[in-house]
Amino acid sequence: MKRSDRIIGGLALLGAAIIIIKLAGAISGHDLIQMAVDATRPKDAVGWPGVLN
């Protein structure tokens, strides 16, 4: 297997994983990716996301 085939396969798996996470979040009624981003963001972060929330 060529290296480019492994890279393309890895990107395809990553894309499939993102789609599955988005579907699971839609079924449960939560945006799981946004929740993960919020969990890693410091509490005192300022900027336009803080202004909107």
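Bear in mind the structure is a predicted one, so any value in this text is a computation, not a measurement.
- Residue Ile20 holds its CD1 atom at 9.5 Å from CG of Leu13, rounded to the nearest 0.5 Å.
- Distance check: Leu14 CG to Ile18 CD1 gives 4.5 Å after rounding to the nearest 0.5 Å.
- Connection of Ile21 to Met35 is established within a shared hydrophobic cluster, with ILVMFWY side chains joined at heavy-atom distances below 4.5 Å, either directly or through further cluster members.
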